[in-house]
2 protein chains.
Amino acid sequence: MPRRYDPDRRRRLIDAAIRVVGRDGIAGLSHRAVAAEADVPLGSTTYHFATLEELMVAALRQSNENFGRVLAERLPKDGQGDLAADLAGALGVWLGGDRTGVELEYELYLAALRRPALRPVAAEWTEDATALLARRTDPVTARALLALLDGICLQVLLTGGSYDEEYARAALARLIP
Amino acid sequence: MPRRYDPDRRRRLIDAAIRVVGRDGIAGLSHRAVAAEADVPLGSTTYHFATLEELMVAALRQSNENFGRVLAERLPKDGQGDLAADLAGALGVWLGGDRTGVELEYELYLAALRRPALRPVAAEWTEDATALLARRTDPVTARALLALLDGICLQVLLTGGSYDEEYARAALARLIP
DNA sequence: ATCCCATGTGTACGAGCGTACACAACGCTT
DNA sequence: AAGCGTTGTGTACGCTCGTACACATGGGAT
């Protein structure tokens, strides 16, 4: 059997897990599915991640990093423009084209509702995101903005409705003192 | 075999499904689990609800009705008090004691993210709730308030943090023109 | 009274799952 | 170079699941 001693087998497994969740949702996440997606034997996934929750934790953490990087790009510290407009624009980009990515990230994020093991990672995300927003406003407002962003995004995704950027901008603007 | 011709077998199955989701989460929802919980044979659940999604749709709809009833009680039309305070208070009651109920309702609600069949029901809920809030403010503000409520509630539930009612009241108040 | 069909019941099948475990291979320490 | 522990591999067991299907039953239309 070739491919022994794979140096970053863990990372490849995490990437595969993210692809599986993106395609079939968390309901389709299994050791076997990840093994097939990463093209490794079943035993390898159970060795590196004894529990599916461990795999989810790792996937959510990596997913958060991706999300944070994009948010940081779209929210320069020295931006003197309208913060509400910037945020509404970022949301528009996320929800604009293919929603697979956002759905994936939200599904992992929301999984924390029933899986205490994921909660610290979810808390990490909100803290990091708040810190990012706090570069342009005070921390309390940042938290509120993040909550409203979550709520708006969620309503669009859950109801299958379309995203109204101008409405979002106006609502966000009201939160900024 | 006794108990033939059960007049409201459907309702009993839905109630059982809600109890199952409340106890074990959507991941634990199965025809067999519902059958055991409702004390009916397996074939009966598959007869009334061919798909688990059908069962979820029915459960979410009933769950929404419960939620809406509570919200209507705590939000009298003739209330001349502080709307933001009322909403923050309602959230406090929900998140105060046993969170099992809220977690159950949110889990079903959030399931719409990956299950298009649930989206119309989720959309129904946001419309009904918006209409309820619109008795005390304008429709646009009502929608924004609902989104912020969702966001705050979600952050508390996902991160496992505690609920700060005064913070919520202040944030909600900013949305009211 | 008779018949039909919605409703209820029991059982079986095949698939997918987590888990466990024995064994193989290889780097690292000594 | 020898031994050991980490990493990788293959297989098998027992469980739960959705689904299908044949049969039972009784209410309601005729």
Side-chain angles (χ1 to χ4, degrees), chain A residues 1-60 62 107-108 111-112 114-118, chain B residues 1-60 62 107-108 111-112 114-118:
Chain A
M1 283 296 108
R3 195 187 306 111
R4 297 208 72 322
Y5 277 79
D6 191 336
D8 46 17
R9 168 78 47 110
R10 274 186 67 95
R11 170 162 304 269
R12 288 181 48 231
L13 285 172
I14 295 172
D15 291 341
I18 288 182
R19 285 197 299 274
V20 168
V21 174
R23 193 198 325 123
D24 306 323
I26 284 186
L29 186 69
S30 72
H31 283 119
R32 281 175 168 83
V34 173
E37 179 69 32
D39 192 33
V40 300
L42 166 62
S44 187
T45 62
T46 66
Y47 174 76
H48 287 281
F49 300 94
T51 313
L52 285 178
E53 263 192 3
E54 285 180 35
L55 204 42
M56 277 192 248
V57 168
L60 177 56
Q62 178 166 323
E107 192 173 8
L108 283 171
R114 283 295 196 164
R115 293 174 180 83
L118 293 186
Chain B
M1 282 296 108
R3 195 187 305 110
R4 289 184 121 288
Y5 277 79
D6 191 334
D8 45 18
R9 168 78 47 109
R10 272 185 69 94
R11 171 162 304 270
R12 288 181 48 231
L13 285 173
I14 296 171
D15 291 341
I18 287 181
R19 285 197 299 275
V20 169
V21 175
R23 193 197 325 123
D24 306 322
I26 284 186
L29 186 67
S30 74
H31 283 120
R32 280 176 169 83
V34 173
E37 178 69 32
D39 192 34
V40 298
L42 166 63
S44 186
T45 62
T46 66
Y47 175 75
H48 286 281
F49 301 94
T51 313
L52 285 179
E53 263 194 3
E54 286 181 34
L55 204 42
M56 277 192 248
V57 168
L60 177 56
Q62 177 166 324
E107 191 173 9
L108 282 171
R114 282 298 197 161
R115 293 173 180 84
L118 293 185

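In this text, all values refer to a predicted model and were calculated from it rather than measured experimentally.
- A donor-acceptor contact shorter than 3.5 Å is absent between the side chain of B:Ser44 and the backbone of B:Pro41.
- Atom pair B:Arg32:CZ and C:dA15:C1' shows a separation of 12 Å (rounding to whole Å applied).
- Using a 4.0 Å heavy-atom distance criterion, A:Thr51 is classed as making no nucleic acid contact.
- Between B:Leu13 and B:Val34, the shortest heavy-atom contact is O-CG1, 3.7 Å.
- Between the C1' atom of D:dC17 and the NE2 atom of B:His31 lies a distance of 10 Å, rounded to the nearest Å.
- Side chain of B:Pro41, nearest nucleotide from C:dC17, C:dG10, D:dT19: C:dG10.
- Counting any heavy atom pair closer than 4.0 Å across all strands shown, B:Leu42 reaches a base atom.
- Counting only residues at least two apart or on different chains, the side-chain hydrogen bond (donor to acceptor under 3.5 Å, both in side chains) pairs with a member in residues 19-34 of chain B are B:Arg19-B:Glu37, B:Arg23-B:Glu37.
- Applying a 4.0 Å cut-off to non-hydrogen atoms, none of the residues of residues 13-25 of chain B approaches DNA chain D.
- Among all heavy-atom pairs drawn from B:Ala58 and B:Ile14, the shortest one is CB-CD1, 3.6 Å.
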CA sep, side-chain torsions, deciding dist, call: A:Asp15, A:Gln62, side chain to side chain contact (heavy atoms under 4.5 Å, CB included): CA-CA 9 Å; A:Asp15 291 341; A:Gln62 178 166 323; 2.8 Å; yes
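- The nearest pair of heavy atoms linking A:Leu42 to A:Ala35 is CA-CB, 3.9 Å.
- Distances shorter than 4.0 Å separate some side-chain N or O of B:Ser30 from OP1 or OP2 on D:dC17.
- At C:dA6, none of the side-chain N or O atoms of B:His48 fall inside 4.0 Å of OP1 or OP2 (strictly under the cut-off).
- A:Leu29 places its CG atom 14 Å from the C1' atom of C:dG16, with the value rounded to the nearest Å.
- One axis for each end of the helix from C:dA1-D:dT30 to C:dT30-D:dA1, each built from five base pairs, and the angle between them comes to 10° at 10° resolution.
- Across all strands shown, A:Ser44 has heavy atoms under 4.0 Å from base atoms, whether or not it also approaches the sugar-phosphate.
- At the phosphate of C:dG8, neither OP1 nor OP2 sits under 4.0 Å from any side-chain N or O atom of B:Tyr47.
- Between B:Arg9 atom CZ and D:dT25 atom P there is a gap of 15 Å when expressed in whole angstrom units.
- Looking at every heavy atom in both residues, A:Leu118 comes nearest to A:Ala111 through CD1-CB, 3.6 Å.
- Distance, B:Phe49 CZ to D:dG18 P: 14 Å, rounded to whole Å.
- Closest approach of B:Glu54 and B:Ala50 over heavy atoms only: OE1-N, 3.7 Å.
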For B:Arg115 and B:Ile26: C-alpha separation, side-chain torsions, deciding distance, then whether side chain to side chain contact (heavy atoms under 4.5 Å, CB included) applies. CA-CA 12 Å; B:Arg115 293 173 180 84; B:Ile26 284 186; 4.2 Å; yes
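- For A:Asp8 and D:dG8, the CG to P distance is 10 Å, given to the nearest whole Å.
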